Amino acid sequence: MDSCIIASPLGFTRIIGDDDGIESITVLNSEEIVSDVIPESLEDCVYQLHEYFNGERQSFDIKLNPQGTLFQKQVWDELLNIPYGKTISYLELTKKLGDIKAIRAVANANGKNPLWIVVPCHRVIGSDGSLTGYAGGLHRKQWLLEHESPYKQQSLF
């Protein structure tokens, strides 16, 4: 497995993958040393993440290879259908997967998403519009949603 660390506006990010695809993208809560050399298998991912953070990319075109259960992969695949700049509730996501009784399992799978940003679990919110549950921290979820919002909030001062 190849690995690298890049800097992002939300912290240092570890990317792991190989020629079979990207296995994980994780935001870290610690200071890290940015990789001097990016492995060839991770170059497209690094490039596309930089484009995303610069506001130049709304969707990703990289080969993914997340590790998880069949159910988790079904949830993560459904997350890929949430358009840039849009949100859905956990209940809506559960309905799309076909079993509203599975809301806790869906929320749990959402929280185990190994592909930060690329598989947009940050676009799932509470039914009341609240920013519930985000493994990367609610401050990052809020930042990501504001970054993707077509309605940019301007500072008054």
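Quick caveat, the model's predicted, so the values are computed rather than measured.
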Criterion side-chain contact (heavy atoms from CB on, under 4.5 Å) on E78 and L93, from CA distance to verdict | CA-CA 8 Å; E78 190 60 42; L93 178 60; 3.5 Å; yes

Please lay out, stage by stage, how T13 and L28 fare under the test side-chain contact (heavy atoms from CB on, under 4.5 Å).
-> CA-CA 6 Å; T13 302; L28 306 170; over 6 Å; no

Test ring pair (Phe, Tyr, Trp, His ring centres under 6.0 Å) applied to H147 and W143, step by step | CA-CA 6 Å; H147 177 70; W143 189 97; 4.9 Å; yes

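Looking only at side-chain heavy atoms (C-beta outward), I15 and I22 come within less than 4.5 Å of each other.
Using a 30° and 60° split on the angle between ring planes, Y84 and Y52 fall in the perpendicular class, above 60°.
Taking hydrophobic clusters as Ile, Leu, Val, Met, Phe, Trp and Tyr residues chained together by side-chain heavy-atom distances below 4.5 Å, V27 shares a cluster with I25. Following chains of ILVMFWY side-chain contacts shorter than 4.5 Å, one can reach I82 starting from I62, so the two form part of one hydrophobic cluster. The hydrophobic cluster containing V119 also contains I125, counting ILVMFWY residues as joined when their side-chain heavy atoms lie under 4.5 angstrom apart, directly or transitively.
In summary, the side chains of E51 and Y47 do present a donor paired with an acceptor at a separation below 3.5 Å, with no hydrogens or angles considered. Residues D18 and S41 bring no donor and acceptor atom of their side chains to less than 3.5 Å of each other. Side-chain contact, E32 with S30: a donor N or O sits under 3.5 Å from an acceptor N or O.
The backbone N or O of S89 sits less than 3.5 Å from a side-chain atom of E92, completing a donor-acceptor pair. At least one donor-acceptor pair under 3.5 Å links the side chain of R140 to the backbone N or O of L10. Checking side-chain atoms of N54 against main-chain N and O of H50 turns up a donor-acceptor pair under 3.5 Å. The main-chain N or O of I5 is found under 3.5 Å from a side-chain atom of S35 such that the two form a donor-acceptor pair. The main-chain N or O of S149 is never found under 3.5 Å from a side-chain atom of K86 such that the two would form a donor-acceptor pair.
The side chain to side chain donor-acceptor pair (under 3.5 Å) with H122 is formed by just one residue from the set K141, E148, Q142; it is E148. For the pairing with W76, the side chain to side chain contact (heavy atoms under 4.5 Å, CB included) check across N113, V118, L64 returns one residue only, N113.
How far CD of Q67 is from CD of Q72: 10.5 Å, rounded to the nearest 0.5 Å. Between N110 atom CG and C121 atom SG the span is 5.0 Å, to the nearest 0.5 Å.
Few gaps surround CG on D99; more than 12 heavy atoms of other groups in view lie less than 6.0 Å from it. Annotation: E31, atom CD; neighbour count of heavy atoms from other residues, nucleotides and ligands within 6.0 Å does not exceed 12.
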